Each structure stands twice: as structure tokens, then as C-alpha cells.
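Each ligand, and each atom within it, is numbered from 1 in the order the structure gives. The structure presented is a predicted model; accordingly, all values stated were derived computationally and were not measured.
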Amino acid sequence: MRPAARVQATIELLDERAESGYPADRIMAAYFKQRRYIGAKDKAAISEYFYSVLRQQSSLTFLLQSASLPTDNRWLMVALLLCAGENVAELYNGEQFSPAALSASSLGSLEQFDETRLDTAPSYIQLNVPEWLEPKLQAALGERYVDEMHAMNQRAATDIRVNTLKATREELVAELEKVGFATELTALSPWGIRFSTRVALFNTDMFRRGWFEVQDEGSQLLALLSAASPGQTIVDFCAGAGGKTLAMAAMMQNKGSLYACDVHSKRLEQLGKRKKRADIHNIRTHVLSSEHDKWVKQHSGRADTVLIDAPCSGTGTWRRSPDSRWNLQPEGLANLVALQHSILDSACRLVKPGGRLLYATCSLLQEENEEQISAFLARNSEFSASTLDLSELLPGNHERFVASDHSMRTFPGLSGTDGFFVASLVRAS
Ligand SMILES: C[S@@+](CC[C@H](N)C(=O)[O-])C[C@H]1O[C@@H](n2cnc3c(N)ncnc32)[C@H](O)[C@@H]1O
């Protein structure tokens, strides 16, 4: 593909996203599926452009407005290219598969474009944060706010988790290096391997044999903190496609009962395929009609540990889903907070006396995290905060996360992971 064709493809993706409202990754996957002739290098370049525009949408818009230029997708792409020092006139040349040529007057106006004007913009524009979310993020992050928002605007590395039922981390590293991958061990998770460049992991024999799953290091830590062990009964109440379920199953060495529940049947079907590949036999799935499904009453008081990996705003995962920040609205956040409240109140019934309730989100916001937990504890006197023994579960590197006696948070800048929150509660015996 010529460079101009990559630019045109990106504009098409941006238009499709604006028209459909679907998440960026889904749009991109469908776009490439319909155009199988696009090679890996072109795909990588187009996805980098697409995600960069989505990440920098408000700062690019500001720069275009400051130069009295239009702000549609074609122009957002112009702004991105100008910031990267590219020759826009050469790329917008009107040839086949290239963006339409810019008029002489538009080309003249480009001279007004001045990247340094961004220094005069409000911080929420400089950092590409929705204006209404800025005070909430500042409250949650305090002094870390600016650094973390910068970190959030970087591309995330790819992490994988070794399936300890099949191999050790060292064995997997050795196999990956044999086929030419440059690997790095994750600092916090004992199961993690990191790749800073794009790698075709799904084409490897190790993947087909179930030696690993792609999983952010922060997500691996949540499973680690469950302290799941052989013979226990564990419920993963919002299991989705089972990222954390699979990690807990490996900790349980296939012994005991692991229930994976979710309201989304398609996600649980994905888990079906993944557990087969991983050779895991102790997971049972259940599609919930809602968090109040009668299954909860039938299994009440049975679980040693219940993990609620709650549906949330995803404000900790903007590195991977840069568009999600623009999709989130105040009513949507309020609905999520209400749903988390309701899930907590229902799923807590599953915990046996003396058992644990782990509540987690990939949100940075206090209303989904600390405030959600303190309100739950105020409503449910049977539960109290329980100490997370981090010195045992996570020896070393404690400067890379923020912990209280019963909760832990990770951040992209501080921890090199997505932003996660986890709180540990115990039911009175
Ligand atoms: C953060 S995701 C879970 C990710 C998953 N645990 C993993 O590690 O891959 C939240 C999940 O909650 C599920 N969910 C939404 N509403 C729910 C409800 N009322 N009861 C149970 N699960 C729900 C969603 O379908 C989604 O899969």
C-alpha cells in the first residue's frame, strides 16, 4: 500500500466509527476482514494512525480550530500528519485510493496550523480527557493525574500469561525465543511475559497448544490476589470470556469447583473454547438472566471466594480502547454505578460464612471503586474489609502499585499495566 492509501483507509475507519458508533477495535477487525489483501505492515500502520487520532481527538480538534480549519475526520488526519511532520500535500493528492486533494486555499491555510498553540489549551484538551471527567480523575489520581493521563495516551505493550498447567514461565520464554520473539518478564506477575513490539502470537504452536493466554499484567494480578487454591469453590460472577477464570483455574490445578457466570452468553461461549485449549476441566459456566438470577439463591453461602470483576467505565484501559473515553457519558456512568451496587448486593449472597468477596474494576474512578465499597460495607454489616496479604502474594516491587490494607490499585504510568482496582472483603463466620 502506498502511504497515501494508508491515510485514506484511516479516514474510512474514522468515518465508519462516527456513523456506526461501534467500538474502534470491532470496526477495524471488520474492515480488515473485508480487505484480506491488506498486509501486516499496512494493517499496523493504519491501526497506529486510527488509534492515534482517537487518542488525540480533542487536542487535534483544538489545533484545527485555532487555525480556522475544518474538524471532520479528513482534517483530524491532516492534523495528526502535520504534528508528525509529514508532507500533507503529497498524501492528499487525489489519486486512486488516496484522500481527495486539498484545495489551493486549504493548502494556504495550513500555514496557520501551529502545534505549539496546544500549550495555551486547558489541561483536559492537552491530555485528551473529556471535560466532565477531568475533576473525577483528578480526585482519584491526585498528584499522579498528569503523568497517568500521559501514560494512558501511549500504546500498551502486549502481555501474556503462561498456563502453569502446561509449562513454566521459563519454559515458555525458551520456546518463544527459539522462534525469534524478544521477551521481557513482567515485574509484578510471576506468570507474565511482555512484548513491547507487535508480535503474531496467535500463529504460534505454543498458543495452539494452550501454553499461554494474552492478558494484561494487571488482570493477571487480580487473579493472583484471589489466592485460589486446589479444592476450593470459587465463583467468577462477571466472568466474560474468562480471562481471570482461566488464571484461577490454573491456580486451582484443576481441583475444586470454579463457576463462571455472566449475563452475556457469547462471552461464556468463548470461555468454552479457551478452557479446552488450556486443558482445564473444573470450570462450569452459567448464563445469568440478571444478577438476581435464581441460580444465586440456589448457590448461596457456598463459595470460598466470589470474584466480581464488575462491568465498569473502563477508564483504566484507555491505552487499549482509546475511543471509549469519548463514548462514556454521565448517564452511562451513573447506570454502571447502579449496576455495580446491585451486582454486589446480589452476588455477596454466594459467599460462605468466613469466605471472601473480591470486587474489581478496570476503572480509575472513586465512585466505581472506593466509594462503591464503602457504601456496600455500610449496607451490609455481615461484611468487613479483609487484609490483602500483599507481602506474600506479591513479594517485591511494592513501589509499583498503590495499596491500602484491603485494596490495591495499579496504573499505567506507575505499574506499566492497565488501571485496576481490587478490594478484598470477608463475610463474618
Ligand atoms: C469487566 S468485564 C469481565 C471481564 C472478565 N472477567 C475477564 O477477565 O475477561 C464485566 C463483565 O460483566 C458482565 N455483566 C454485565 N452485567 C452483569 C450482571 N448484571 N451480572 C453479571 N455479569 C454482568 C459483562 O457481560 C462482562 O462480561
Side-chain angles (χ1 to χ4, degrees), residues 23 25-26 159-161 163 189 191-192 212-226 228 234-251 258-275 277-278 280 283-297 299 303 305-318 320-321 324 328 332-351 357-365 368-369 372 410 417-423:
D25 54 351
R26 184 164 153 190
D159 297 341
I160 62 173
R161 175 186 56 78
N163 175 6
S189 165
W191 309 314
F212 67 85
E213 283 288 338
V214 173
Q215 186 173 32
D216 179 75
E217 185 187 12
S219 175
Q220 298 180 31
L221 296 180
L222 292 195
L224 184 80
L225 295 183
S226 74
I234 297 202
V235 180
D236 188 355
F237 197 72
C238 302
K244 286 148 205 108
T245 325
L246 293 169
M248 292 192 291
M251 293 171 85
L258 181 45
Y259 295 96
C261 308
D262 203 287
V263 289
H264 209 297
S265 60
K266 285 261 170 344
R267 291 186 187 150
L268 288 177
E269 278 169 29
Q270 289 280 323
L271 170 57
K273 287 184 207 145
R274 295 172 87 189
K275 72 177 184 188
R277 191 174 52 235
I280 285 169
I283 298 176
R284 270 177 275 181
T285 55
H286 180 80
V287 182
L288 299 165
S289 54
S290 78
E291 64 277 20
H292 306 297
D293 192 292
K294 61 178 185 303
W295 185 92
V296 179
K297 194 170 175 197
H299 292 77
T305 298
V306 173
L307 170 63
I308 300 177
D309 186 18
C312 71
S313 63
T315 36
T317 61
W318 287 352
R320 293 172 207 284
S321 313
S324 66
L328 185 66
L333 177 60
N335 289 341
L336 283 165
V337 171
L339 179 60
Q340 292 154 0
H341 172 131
S342 177
I343 290 176
L344 268 163
D345 281 356
S346 185
C348 74
R349 294 177 288 160
L350 294 161
V351 181
L357 179 62
L358 272 188
Y359 171 82
T361 71
C362 54
S363 165
L364 300 177
L365 305 176
E368 297 181 88
N369 296 335
Q372 190 67 267
T410 62
T417 69
D418 288 340
F420 277 104
F421 168 84
V422 58

Legend entry - Nearest heavy-atom neighbours spanning L307 and A360: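 It is CD1-CB, 4.5 Å.
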Inset, instruction - Please identify each residue that fulfils ring-ring contact (aromatic ring centres under 6.0 Å, His included) with F420, with sequence neighbours left out. - result: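 Partners of F420 under the ring-ring contact (aromatic ring centres under 6.0 Å, His included) test: none.
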Legend entry - Sequence-distant partners of R349, side-chain hydrogen bond (donor to acceptor under 3.5 Å, both in side chains), two or more places apart: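 Scan of R349 (side-chain hydrogen bond (donor to acceptor under 3.5 Å, both in side chains), adjacent residues dropped) gives S346.
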Inset, instruction - Go through the structure and list residues passing side-chain hydrogen bond (donor to acceptor under 3.5 Å, both in side chains) with S313, not counting sequence neighbours. - result: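 So S313 forms a side-chain hydrogen bond (donor to acceptor under 3.5 Å, both in side chains) with T315, S363, E368.
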Legend entry - Main-chain N/O of E217 paired with D159 side-chain donor or acceptor, under 3.5 Å: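 A pair under 3.5 Å: yes.
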Inset, instruction - Enumerate the protein residues lying less than 4.0 Å from ligand 1, judged by heavy-atom distances, in chain and residue-number order. - result: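 Within the 4.0 Å shell of ligand 1, which is judged on heavy atoms, sit F237, C238, A239, G240, G243, K244, D262, V263, H264, R267, L288, E291, D309, A310, P311, L339, I343.
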Inset, instruction - May I ask you to decide if the ring planes of W295 and Y259 are parallel, tilted or perpendicular, using 30° and 60° as cut-offs? - result: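 Ring orientation, 0 to 90° scale: perpendicular.
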